[in-house]
Amino acid sequence: SSWGQELFVLVPPSEAEIRMLEMCTDRVQCCLSWLTEGVSRCQPYLITPPPILSRCYQELSNGMLGFNQALKLADIPFPFPYAQ
């Protein structure tokens with residue numbers, strides 16, 4: 001890996017999840033909703049102060065914001081007069 005760390009997959013996606021991702025038009029949003037739902041389901045079992053848990057949601061939101069900003073840059077062509 002170029003990051004110097006290896007990432008491990010704890011549980012691979014199920015066949016239903018793979019099919020859902022293949023049919024989905026916004027796969028990133030779908031994965032974000034799965035992550036958010038997973039954190040919400042684990043919340044009663046976590047011994048985590050609320051500010052730390054809210055920071056988890058905030059960082060997921062910041063990541064999605066960064067993704068959407070990068071997507072805008074990739075989708076909107078640079079104006080031709082400025083490219084000359």
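A 4.5 Å side-chain heavy-atom check between Pro13 and Leu21 finds every atom pair outside the cut-off. Proximity of Met20 to Trp34: side-chain heavy atoms (C-beta onward) are separated by under 4.5 Å at one or more points. In this structure, the side chains of Cys42 and Val39 stay at 4.5 Å or more apart for every pair of heavy atoms.
Atom CD of Glu17 sits about 12.5 Å away from atom SG of Cys24, to the nearest 0.5 Å. Remark: Asn68 CG to Asp75 CG distance equals 10.0 Å, nearest 0.5 Å.
Other residues sharing a hydrophobic cluster with Phe67 under the 4.5 Å side-chain heavy-atom criterion for ILVMFWY residues are Val28, Leu32, Leu35, Leu60, Met64, Leu71.
In terms of heavy-atom proximity, Cys30 sits nearest to Ser33 at O-OG, 2.7 Å.
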